[in-house]
Each structure stands twice: as C-alpha cells, then as structure tokens.
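Shown next, in structure tokens, is the structure this report addresses.
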There are 2 protein chains.
Amino acid sequence: MDVTGHNESAATDSPRAAASIRDVARVAGVSYQTVSRVINGHSSVSADARERVETAIGSLGYRPSRAARALAHGMENVVTVLTSNTSLFGYAQTLAGIEEAARTAGVRVAIRVLSSDDPDVVEAAVEQVSDPRSGAVIVLGFDRAGARALAALPAVVRASAAVESYVGRRAPKADNHRWTWFDDTVAAERATAHLLDLGHATVHHMAIPSSSTVGDRQRGWQRALRAVGAPVPPVIRPESWTTQAAHAAALEVLGSPEITAVLCGNDDQALGVLRAAHDLGLSVPGDLSVVGFDDIPGAPFFTPALTTVRFDFAGLGRRAFEVLGIGHDPKPEPSPIPQPTLIIRESSGPAATRRPTSKR
Amino acid sequence: MDVTGHNESAATDSPRAAASIRDVARVAGVSYQTVSRVINGHSSVSADARERVETAIGSLGYRPSRAARALAHGMENVVTVLTSNTSLFGYAQTLAGIEEAARTAGVRVAIRVLSSDDPDVVEAAVEQVSDPRSGAVIVLGFDRAGARALAALPAVVRASAAVESYVGRRAPKADNHRWTWFDDTVAAERATAHLLDLGHATVHHMAIPSSSTVGDRQRGWQRALRAVGAPVPPVIRPESWTTQAAHAAALEVLGSPEITAVLCGNDDQALGVLRAAHDLGLSVPGDLSVVGFDDIPGAPFFTPALTTVRFDFAGLGRRAFEVLGIGHDPKPEPSPIPQPTLIIRESSGPAATRRPTSKR
DNA sequence: GCCATGGATGTGACCGGTCACAATGAGTCA
DNA sequence: TGACTCATTGTGACCGGTCACATCCATGGC
C-alpha cells in the first residue's frame, strides 16, 4: 500500500513475502515439522534444534499465519461477540472484559452487532457466526435481541464443534451452553430492602424492556416487598430503554404523591427519573428516592449523586471468556461470577410524606 | 451438521464435515474452478452451469471458508480496530459505525485494546496487528495511546501490504495514511463564540489530556477569543480525563468569580464541572455557563441540560472504514466527514456578574 | 476452408500450516 | 548379541480456497 520507495530490506534475497515455516526450517537446518514442534512447544525436540529454530525465527521475523493454522486445524482462533449494542456502559464494559481475557489467552476478538431484534436479522447473524470453522461465540444476552440470538443458537450449533458462551441476566433454560450471569434477583432485592429500611411504605419499579415478562430484577423487587408485607404497585414500563422514554414515563406517573421511591431498571433510566423529578419540582431524596442499576461512571456526579447497584461487567466478560476453555492455558476452573454491590449515595433517603403542594 | 433427524442430505456418504468447493463441484457436475467462479461472480460462466452450482450450494449448505480464502489470497478479510477504550461514548460509537459499514461490506471486525499508553505496550500491539496477512487496521487516535499507535504504525507497515485507516481529532502529519477526523477547531470556535455572544467577558477552557500540547480544540477556543479581543485565560488541566478529575479541578478553580463560562473538553468533564458548581452553590447558567463536547446520551437530562457540541461518531466510523476501500463494492468516493453541531440547551446563558457572596 | 478470436471450462500447483506415519539411532534388557 | 523401547526427526498428504495456464469449441472475417 505504500508507494514511496523505501528500504530494500535484507540483503539475502527478496523476503518480500512473510517468512514461512519452511523458510525457518531451511535457515535452521531442520525439517519444517521440527519448526512446527518448536512453535507449539512440543516436547520431543532436542535443545540444540530448538535453539537453532528459535534463532532462525528471530532473524527472519517469522510469525505463524493465523489463516494457515485455522485452515489446517479446522477452526479459527477467534471469539466472536454477538451483541445488539456497543455503546451502553454494561455492554461496552463486558466487551472490554472479554477482550482483556482473550488478549491474555492469545485469542482474537471479533464483534458482530445485531442491528435489530427482528427474528430474521438475528437468525441470519447467528447463522453466519456459528459456522464451526469461525471459532467460538459469546452472546451478550442482556436484551431481547440477545435472548433471541441465544434461542437461535442451539439449533445451529447443536452438532457443530463451535464453542459458545452466553452472558446475560439470568440462566438460560438450555444447559448445553456455558453461561455466566449476574444474580439480579438478589441485587434487586437488596436495593429494594434498602429503600424499605429507609421507611418507604412501598417501592415502585421502572422496568427495562426485556424478553422475559417477569425479569429477575422484578422478581427480587417483589420478593423484598412481600417480605415486609408492602403492597406491590404496578410496574412502570417506558416505551424503550432510553433515558428519554424513562423521563417521559416518569413525568406521567410521578404526579401521584404516593410514589416516594423508585427502583429503576438502570442508571440511564434513573437519570431520566431524576430529571423528571426536577421538572416537577420534587426534591430528591426529600420527596422522592431514586435507585438505579449498573453504576455508570457519571452516577456519582449526578445531582443528586445516584444510589445504585454496581455490577462488575468487566469481570463478567472475563469469566464469559474463561468458560470457553480456549487459548493459552485455559483455566480448568473459571473465576467466580462477580457479585453486585449496592452503592448508597445521595438519591435515596428517609421517606417523607410528600406535600401535594410541592408540585408546580 | 445437524443431528436432529431431518434431511439425510445427499445419499452419497457422510457430509459430517462442512462442504467444500469440490463437494459442490461434484454435485453440480462441474469443476471446482467453475464453482469458484460462480462464488466470486466471475463473468464467464454459462447460465446453465451457474444455476446448477447455485442449486448445489443451497442443497449442501455450502459456505466458503474464510481461512482458506485468506490463506490463498494472502490477506484476511478483516479490519482490526486498535483503540485504548471501548466504553467511552465517542469510542464506542465510532466502533459501532465501523462495524456497521464493515458488516454491510462483508468484512469482519476485530478489536484490539491498548491496555495502556506505555510505548512498549503500544508498539507490541501495533506490531502484532500490522501483520500484512491479518487484514486492514483502523486506529482510533483520540488520545495519547492512539497517537502513539499511529506513530508506530508507519514504520511497521512501510513495507507491508496492510491497509490502515486513522481516526482522530486532527489530521496526522504523515500523508501516507488514510485518515478521517473532525474539524475540532471550528467546533471549539463556534462553541466559544456562542458563549461570548451571550455576553461573557471571556471563556475558560478545561482540556482533555492529549498527545499534542496544543490541541485543535484549544486552538479554536483561542481563535474565538482573539477574534473579539477577549483575554485568553490559562487552560484548566485536570489530572486525567475522568469525570472525577474534572470535578476536583473545577472545585479548585471555580472559586474565582471571574470565571463565568467554561468550555469543557467533553461532556464527562462537563458533568463534573456541573456538579462542582452545585457543590459550590453556584447556579448554572445563572452564575456559570458550561459547555461540553460529544453530546452523550445523558446530556439532555443533566440538571441543567447540557449545551454541547454533537459529533457524529458513527458517521466518522463508517467513513473510516470506507476510505479503506475494501469489501463488497468499495465506494470510490467515501462519504464526507460529518460536521459537528452546537446543541444549545440549558447550561449556557447570559453572563451575569457573579456575587462573591453566593459562594458558601 | 483456414485461422484468429474469445467465451466456457478444466488441470496443476500453491498458500502455510497440521496430522499420521515412517525412519533413524541410541540406550536398555534379557 | 539381538530384540525392544523411546526420543528425535523427516516425509507425504491434506485443509479449502485461488491463480496461471491449457484446452475445447463456436463464431466470424477473409
């Protein structure tokens, strides 16, 4: 690609093309098979031969060809992450965790975005990605598109050699996948209990749209309410998972003074709720307590700083990779699933009877 | 491929392994070369032969092997994105744009994270990635690590056939790369002018740490100030690009009442500044105007909603891919570089003399 | 009727690794 | 000393495509 006339490189001949295993063998005075053995750390190679091969590799700048290896081996040394989103904090962090683990293990990371949750689109993507020759697959199943991808996966992969991993909010039904997930139930339960402890008569819940009608977060929230005999109010359902939708939904419902605490599906929603409270002249946490999920980087700097549940998404991603058992020295026992932590900041406080007059 | 007992496919033998080009040829009654021609849309194939081949492909579920193609062709059909971060909005969106364009063009996207801006780390990553056989490379040069990667790239790539693209804040010096960047100078100039128009005597600037001591944003800011003869105050430099560092830096400097407007390096910093103003009892925009860069999704919902400059990162990413000229029908003329837009919201307003007493 | 032209098709070699198997030579044991 | 084991090394075929080149046949101009 470079047209400028540069170096003529080594004086030997024209090593224009990259050095191959046979070039190394010739220089080292051994057979190509011996070179292959050295590269792969095979045991039965004499110290003498090994050293000469390593020297030759260094002097030629030899690097094994992924393509050739993949062709011979029948599978690429790649893990493809199937996700519907790259920007949202949780997704991006999980991807970062996967990449880190994969990089350490010498495995390349590819990414394939699901452009919509249309079943046809999802199925096409899965079909494309689950060619056994194209390596392992990790599905980020945080949302509907991901859940559909997971559902489409088994049929395709059933008899193939492809290895796949599933990251999500809950354990999938099929047990032929290796999965990693957060204990959302406990997390939601704890966050709800925190609000109840502050004296709120009950806690409202704003849900993120999900494939399962009753998500794990919802379940934990209900469990906490029932544990203390608190009423279970209807779930607030914004039209989408955007901050804007949460803001709009909150503007509609926050009028009723009986809402004193809201457990939001994630921090982005919580931001919309905070803003809606501000728009309605409600003070947080004076009139309303708000709790989120995820602990996005901005959360500590919202006004008020957001109480939220922190998830170790990067740790989740690392584990999702580890369970695949591929790459350099795969761990027999992957790291444990990281547990969520409740981070209490300013947006949650003691319950106070709301003055209907405070609404302007 | 599939164990569930549907079709037994061809009665011939056991098509356990994936079908190859020669299998297709046998079924279609042509040579493997003809199959190759059909796959690649070569012209000189009779309609009859083409049809039989396509039928055979369908019935065998044939799919070409990336690995074999890469091996024969000498280069993989992959673009690797080299970046220091996956979570920050701008990075993630750019990645999304690249992925979208690449997906459309039938090119796989790989990602390689620079774990630090340590020159050794960066160089090792570049060295690894710029193997001409492993496809094209796109460097996200938004920060120091990216800039270093770019600097390391030419030396490695010089004699290789690798195609690379550079995405950044400014055009790199070397012109042997294909680059795409935002006009940060104009963007900063416009944002600064907006504040000056509101009557502010001058505008302070909080910079994001960058490789160039004088970034383009800084240049545009200065130009706008000089255009109206406003003084150029010293740049506020947080220790890092985090919201937390911006918050800390702002707490230190916002005490002086002569600061009435701050142009922040990005929205994350702006959030920290907003929060610092709140902590100091300053009203925004009453006492202080704050403007950011990027227009992250939360910006409209901050209190106050943030005035900021919107960048079309996804568009930038798409263009970065297009300039590589790879994949299906590469565009001869890539889309234009998207222009930034100033989005005026609540955090910027008319200048007012700050009452020193308002500081608590 | 002859040869140039060109579309359609096939054959062999090759890309750079890996696997299966054979061959060599030294050391061990009966 | 012969048979056997075992470490070390080498050879050939193969993975699934692509490229370069040869071949075949139909057409058309002279």
Side-chain angles (χ1 to χ4, degrees), chain A residues 15-54 56-57 60-78 106 108 131-135 161, chain B residues 1 15-54 56-57 60-78 106 108 131-135 160-161:
Chain A
R16 190 124 327 196
S20 84
I21 198 175
R22 289 164 224 258
D23 298 326
V24 174
R26 200 179 322 115
V27 171
V30 296
S31 76
Y32 53 82
Q33 182 59 251
T34 300
V35 175
S36 174
R37 291 194 180 98
V38 170
I39 295 169
N40 297 310
H42 214 285
S43 55
S44 13
V45 177
S46 67
D48 177 49
R50 166 166 285 119
E51 191 178 345
R52 277 183 302 160
V53 167
E54 277 163 357
I57 287 177
L60 290 174
Y62 164 81
R63 292 167 48 185
S65 152
R66 300 180 142 271
R69 200 167 255 180
L71 181 58
H73 194 270
M75 191 194 286
E76 285 189 68
N77 192 25
V78 175
R108 186 173 198 163
D131 181 342
R133 296 173 303 196
S134 58
Chain B
M1 284 307 269
R16 189 126 325 200
S20 84
I21 197 175
R22 290 165 223 257
D23 297 326
V24 174
R26 199 178 321 116
V27 172
V30 297
S31 76
Y32 53 82
Q33 182 58 250
T34 300
V35 176
S36 174
R37 290 194 182 97
V38 171
I39 295 170
N40 297 310
H42 214 285
S43 55
S44 12
V45 176
S46 67
D48 176 50
R50 165 166 286 116
E51 191 179 343
R52 276 183 302 160
V53 168
E54 277 164 357
I57 286 178
L60 289 175
Y62 165 81
R63 292 166 49 184
S65 151
R66 300 181 143 270
R69 200 166 254 177
L71 181 58
H73 194 271
M75 192 194 285
E76 284 188 69
N77 192 25
V78 175
R108 186 172 199 164
D131 181 341
R133 296 173 304 197
S134 57
S160 81

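Glu76(B) places its CD atom 15 Å from the C1' atom of dG16(D), with the value rounded to the nearest Å. Here the C1' atom of nucleotide dC14(C) and the CD1 atom of Ile21(A) are 16 Å apart, to the nearest Å. Rounded to an integer number of Å, the gap from Arg66(B) CZ to dG16(C) P is 20 Å. Taking atom CG on Leu60(B) and atom P on dG16(D), their separation rounds to 13 Å, with Å as the unit. The nearest whole Å value for the distance from the CE atom in Met75(B) to the C1' atom in dC19(D) is 17 Å. Whole-Å rounding puts the Asn77(B) CG to dG17(D) P distance at 14 Å. Atoms CZ (Arg133(A)) and C1' (dG16(D)) sit 8 Å apart, rounded to a whole Å.
An OP1 or OP2 oxygen of dG16(C) is reached within less than 4.0 angstrom by no side-chain nitrogen or oxygen of Arg69(A). The side chain of Ser36(B) places an N or O atom within less than 4.0 Å of a non-bridging phosphate oxygen (OP1 or OP2) of dT18(D). Phosphate contact (OP1/OP2 of dA8(C), side-chain N/O of Thr34(B), threshold under 4.0 Å): absent.
At the heavy-atom level, Arg63(B) lies under 4.0 Å from the strands shown only through sugar-phosphate atoms.
For the pair Pro132(B)/Met75(B), no side-chain contact is recorded, criterion being any heavy-atom separation below 4.5 Å from C-beta on.
When each of dT11(D), dG17(C), dG16(D) is scored by its nearest atom to the side-chain atoms of Ser31(A), the top-ranked nucleotide is dT11(D). When each of dG17(C), dG16(C), dG10(D) is scored by its nearest atom to the side-chain atoms of Pro64(A), the top-ranked nucleotide is dG17(C). Side chain of Ser46(B), nearest nucleotide from dT18(D), dT9(C), dA13(D): dT9(C). Considering only the side chain of Ser44(B), dA8(C) comes nearest among dA8(C), dG16(D), dT11(D). The side chain of Tyr32(B) has dT18(D) as its nearest neighbour among dT9(C), dG16(C), dT18(D).
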Evaluate the criterion side-chain contact (heavy atoms from CB on, under 4.5 Å) for residue pair Arg66(B) and Arg108(B); output intermediate values, then yes/no. CA-CA 10 Å; Arg66(B) 300 181 143 270; Arg108(B) 186 172 199 164; 3.4 Å; yes
Can you check side-chain contact (heavy atoms from CB on, under 4.5 Å) on Arg69(A) and Asn40(A), steps first, answer last? CA-CA 11 Å; Arg69(A) 200 167 255 180; Asn40(A) 297 310; 3.5 Å; yes
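Below the 3.5 angstrom threshold, one finds no donor paired with an acceptor across the side chain of Gln33(A) and the base of dT18(C).
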In the 5'-to-3' direction, what one-character label does each nucleotide of nucleotides 21-26 of chain D receive under the scheme B = base within less than 4.0 Å of a protein heavy atom, S = sugar-phosphate only, - = no such atom? ------
